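Chain naming here is simple, since letters A, B, ... match the order of the sequence lines and numbering starts at 1 in each. What you see is a predicted model, and the numbers here were worked out from it, not measured in a lab.
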Protein chains: 2
Amino acid sequence: MRKDAERNRAAILATAARLIAEHGPDGFSMEDVAAAAGVGKGTVFRRFGDRDGLVRAVVDETSQSWRAESAALLEADDVPADERVITFVATLFDHVIAALPLVTALERVSSRSIACDSNSDLTHHRLAALIAQVRPGADAEFLAHALLAQLRADVLRHLVHQCGLGVPRVRAGVISLARGVLAGDLEHAGGSATMPRL
Amino acid sequence: MRKDAERNRAAILATAARLIAEHGPDGFSMEDVAAAAGVGKGTVFRRFGDRDGLVRAVVDETSQSWRAESAALLEADDVPADERVITFVATLFDHVIAALPLVTALERVSSRSIACDSNSDLTHHRLAALIAQVRPGADAEFLAHALLAQLRADVLRHLVHQCGLGVPRVRAGVISLARGVLAGDLEHAGGSATMPRL
DNA sequence: ACTCAAACGGACTGACGGTCCGTTTCTTGT
DNA sequence: ACAAGAAACGGACCGTCAGTCCGTTTGAGT
């Protein structure tokens, strides 16, 4: 890859990430990105194909560290399976909350949850495998999806901002729900609004 | 309201509903609707304001019978609360599945689930009240949202079409999840792929 | 029939995603 | 160092579409 191409690529990704964070998932046009990055519009399209490609690239870039971390987590055989699931859910929750506009943009273009897009279907499979391990006999594949559905950016935004439940309360609820799914009961579900340390 | 205005209103709503059903949530333009309904573009905008308004009007129209039915259901004091919740969830599931493109269009426009938009926040409150009744001490408001989140059109479309779980399996899963939420346990969750009669 | 407010309709505008192609810039072989 | 060609650049250009505007038509009350 040519040096100027690489430089522009980085500039475009950084600019797009900033614009999405600042102006929301719809608050930018391709021309905005090009201009703010100091390149021509054609360059953006040449590199990323189309709007969706750009958003996906930004997400890939931004979430790389988190994805590696969570993949490692799901495979850490020295930790009990149920604990791995809970930690994974909590981590993903934090990640989505921290990057709400970006993840929302991703969902708009691919209509899939962040942990379930084509290049990380693996995540879903691993999660389902863990759930199957903890709760043999259950429809683990479905349950994994059910957990991930709670972590969709638009769902979380709705709960936190439109419904006015705060982040801590939603976080506690999601984690309790995950505990319930794993334990086969929901004794802890929503029992308190305090925020578990994890 | 003038006679021609009423006639056009009905024609536009019917046409829009048909186009959405046939070509998906994005497969139509305002001009398409106007032309197919045999009216001018200006008429569509005059009546419905903008694209979002049109979609909302179509949903309102289409879902009226269902909304009345489900409202009555949630208030039927002669039926046990838990059973009312399950029936509500099952009914809503069927409704969303039957009108996937339309409900998807609504969610794109208002980014809210069908049972939780401004004119039927009531639904959510009633559902939460029922859950609170069955499971005092739990965060019923959150749990109601959690159940409704499972019934979002994009979530269901993802599960059914992209992930290849069939409608019966997802239906069973959703209902089991609801049972689990109500019972404080998930013994039934995903236990089988058969479709409960309700 | 007369009037006029309400409704109509389609030309027009502005914004935006995406394409095209003449120009510039990096790289590589000599 | 230089030439040559491939790769990348950039912005003018195009088609589409939501939304506006205004001259024309139509229905309802008198």
Full working for side chain to side chain contact (heavy atoms under 4.5 Å, CB included) between B:Asp60 and B:Arg67:
CA-CA 9 Å; B:Asp60 272 4; B:Arg67 284 213 315 274; 3.8 Å; yes
May I have the distance from A:Phe48 (atom CZ) to D:dA8 (atom P), rounded to whole angstrom?
13 Å
Does A:Ser29 offer a backbone N or O that forms a donor-acceptor pair with the side chain of A:Asp32 under 3.5 Å?
yes
Under 3.5 Å donor-acceptor pair, B:Arg2 side-chain atoms to C:dA6 base atoms:
yes
Taking the six-membered ring of B:Phe48, is the NZ or CZ of B:Arg56 close enough (under 6.0 Å from the centre) and on axis enough (within 45°)?
no
d(CG, A:Asp52; C1', C:dC16) in whole Å
14 Å
Could you give me the CA-CA distance, side-chain angles and deciding distance for A:Val170 and B:His145, then say whether side chain to side chain contact (heavy atoms under 4.5 Å, CB included) is met?
CA-CA 10 Å; A:Val170 175; B:His145 280 299; over 6 Å; no
Give the nucleotide from the list D:dA8, D:dG27, C:dG17 with an atom nearest to the side chain of A:Asp4.
D:dA8
Quick check on contacts: within residues 36-45 of chain A, what sits under 4.0 Å from DNA chain C by heavy-atom distance?
A:Lys41, A:Phe45
Go through A:Arg152 and B:Val155 one step at a time and tell me if the side chain to side chain contact (heavy atoms under 4.5 Å, CB included) criterion holds.
CA-CA 9 Å; A:Arg152 289 178 62 102; B:Val155 170; 3.6 Å; yes
Looking only at the side chain of B:Arg51 (C-beta and beyond, no hydrogens), which of the listed nucleotides C:dC8, D:dG19, D:dC9 gets closest?
D:dG19
Does the plane of the ring in B:His95 sit parallel, tilted or perpendicular to the ring in B:Trp66? Use 30° and 60° as the thresholds.
parallel
What is the separation between atom CE on B:Met1 and atom P on C:dA7, rounded to the nearest whole Å?
7 Å
Between A:Asp94 and A:Arg171, does any side-chain N to carboxylate O distance fall below 4.0 Å?
yes
Considering only heavy side-chain atoms of B:Arg46, the closest of C:dG18, C:dC8, D:dA8 is C:dC8
Once you round it to whole Å, what is the distance between P of D:dG19 and CG of B:Leu54?
11 Å
Electrostatic pair A:Asp77-A:Arg84, nearest N-O below 4.0 angstrom
yes
Report the distance from atom NZ of A:Lys3 to atom C1' of C:dT24, rounded to the nearest whole Å.
15 Å
Quick one, which residues of residues 6-31 of chain B touch DNA chain C with a heavy atom under 4.0 Å?
B:Asn8
State, yes or no, whether a side-chain contact exists between A:Glu107 and B:Asp154 at a heavy-atom distance under 4.5 Å.
no
